[in-house]
J.: 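Provided herewith is a single structure, encoded as structure tokens, for subsequent inquiry.
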Number of protein chains: 2
Amino acid sequence: MEAIVMAWSEQLRSAGYKITRQRRAVLQVLAERNAHWRPLEVYQRARQRCPALGLTTVYRTLDILCELGLVQRVHLEQGCHSFAPVSQGHSHHLICRKCGEVTEFEGCDLSPLLERVSRSTGFVIEEHWLELFGTCPACQEE
Amino acid sequence: MEAIVMAWSEQLRSAGYKITRQRRAVLQVLAERNAHWRPLEVYQRARQRCPALGLTTVYRTLDILCELGLVQRVHLEQGCHSFAPVSQGHSHHLICRKCGEVTEFEGCDLSPLLERVSRSTGFVIEEHWLELFGTCPACQEE
DNA sequence: AATTTAATTGAAAAATATTTTCATTTAGGA
DNA sequence: TCCTAAATGAAAATATTTTTCAATTAAATT
């Protein structure tokens, strides 16, 4: 089994959640590809591994994974119904518009910008949210 | 009538859309407050001005306004079902978590960051979204 | 290995959000 | 005023998400 699935399972377990066949199937699907997934897509794909899986459980599992910070909601141009795996805590996504691949990127130091905006507007800024869209190396070749 | 409503109307007209009572009512509501609006909220409020208005028309009007770049979808923590007025073309929003006020901010020069991310990932970056959340000056006083 | 129990489950129903369809109405040019 | 394509609302359809509840099950305990 993928290392990431084992790591996620361990996180679930230590947060007091049981490792069920259904949850494992969901985790395995998410680990398949570093991309954004809609609940229905996860459901359809995970049912190949665990035919008894229900859509409700997919929603519930994604909720838990979000709460633990293992996946994050991704807001696409078409809507905000997708989720993507996250490796560290607070994370920003770079999304390929063609294949849907999701990459996290480092070095998001927005402090100077936030500082400037805060000064000019008088807002106290508590949270920021940045997403980039483009074309990944593989899709550029086509 | 608010200047902004007239400006929006002119934009609609010159894009070939008719100025109907319904559309005017929607525009007037959006001009009331620089905040984020959900379609249902717009509907309820605009019906006070135009009781014949249907929810379908609100959705359709918001679509058109988006297409013309006069409003923009706002992605909140709770979901992406809200819209906010936009003054210039590409715009970023600063959103008050308490009162919902939406402010556009200037000076979003992300070029160095985008350049850096592009180099380290190999992605061609075509679009970026940045949203800030915090507390506006008025809400800080409470 | 068997027992126990609280967590987890799926199905169905409900709630919520959005889009489509279509007959009727209407804005605005002729 | 007349005309016509655009726009409309109501209702139905579709899509998404949550709630409810009786049955099942993971995993701790014996």
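Keep in mind that the numbers below use all heavy atoms, side chains included, and drop hydrogens, waters and symmetry copies. Everything quoted here is computed from the prediction, not taken from an experiment. By convention in this document, chain letters (A, B, ...) are assigned in the order of the sequence lines, proteins followed by strands, and residues within each chain are numbered from 1.
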J.: With no hydrogens and no angle check, do the side chains of A/His36 and A/His93 hold a donor and an acceptor under 3.5 Å apart?
T.: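 Their side chains do not contain a donor-acceptor pair, so the 3.5 Å distance test is not met.
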J.: Judged by each residue's nearest nucleotide on DNA chain D, which is more toward the 5′ side, B/Tyr43 or B/Gly16?
T.: B/Gly16
J.: Would you tell me whether A/Thr61 and A/Gln22 have side-chain atoms, one donor and one acceptor, within less than 3.5 Å of each other?
T.: no
J.: Taking atom P of C/dT19 as reference, at what distance in whole Å does atom CG of B/Leu62 sit?
T.: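 The answer, rounded to whole Å, is 10 Å.
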J.: What's the CZ-P distance between B/Arg60 and D/dT8, to the nearest Å?
T.: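 After rounding, the reported distance stands at 7 Å.
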J.: Quick one: what's the B/S/- string for nucleotides 23-30 of chain D, heavy-atom cutoff under 4.0 Å, read 5' to 3'?
T.: --SBS---
J.: Hey, are A/Tyr17 and A/Arg13 close enough side-chain-wise for a donor-acceptor pair under 3.5 Å?
T.: no
J.: Return the value, rounded to whole Å, for the distance between atom CD1 of A/Ile64 and atom C1' of D/dT18.
T.: 15 Å
J.: In whole angstrom, what separates B/Asp63's CG from D/dA7's C1'?
T.: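 Those two atoms, CG and C1', are 14 Å apart.
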J.: Regarding B/Gln140 and B/Thr135, is there a side-chain donor-to-acceptor distance under 3.5 Å anywhere?
T.: no
J.: Who pairs with A/His81 by ring-ring contact (aromatic ring centres under 6.0 Å, His included), at least two apart in sequence or on another chain?
T.: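 None.
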J.: Starting at CG of A/Leu12 and ending at C1' of C/dA7, how long is that distance when rounded to a whole Å?
T.: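 The distance from CG of A/Leu12 to C1' of C/dA7 comes to 13 Å, rounded to the nearest Å.
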J.: What is the distance, rounded to the nearest whole Å, between atom CZ of B/Arg24 and atom P of D/dA7?
T.: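 Going from B/Arg24 (CZ) to D/dA7 (P), I get 14 Å.
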J.: Let me have a per-nucleotide readout for nucleotides 12-17 of chain C, 5' to 3', with B, S or -, counting only protein heavy atoms under 4.0 Å.
T.: B----S
J.: Please work out if A/Arg23 contacts a base, only the sugar-phosphate, or nothing of the nucleic acid, heavy-atom cut-off 4.0 Å.
T.: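 The residue A/Arg23 makes sugar-phosphate contact but no base contact.
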J.: Using a strict threshold of under 4.0 Å (side-chain N to carboxylate O), is an ion pair present between A/Arg119 and A/Glu115?
T.: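 The answer is yes: the pair qualifies as a salt bridge.
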J.: Tell me whether B/Arg97 is salt-bridged to A/Glu127, with the criterion being a basic N under 4.0 Å from an acidic carboxylate O.
T.: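 A salt bridge is present here (some side-chain N lies under 4.0 Å from a carboxylate O).
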J.: Can you check the B/Glu10 CD to C/dG28 C1' distance for me, whole Å?
T.: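 Atom-to-atom, B/Glu10 to C/dG28, this comes out as 14 Å.
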J.: I'd like to know if the side chain of B/Glu104 reaches the main chain of B/Ser87, judged simply by a donor and an acceptor atom lying under 3.5 Å from each other, with no hydrogens or angles considered.
T.: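 Yes, the answer is positive, given that a donor and an acceptor are paired below the 3.5 Å cut-off.
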J.: Salt bridge or not between A/Arg45 and A/Glu32? Use side-chain N to carboxylate O under 4.0 Å.
T.: yes
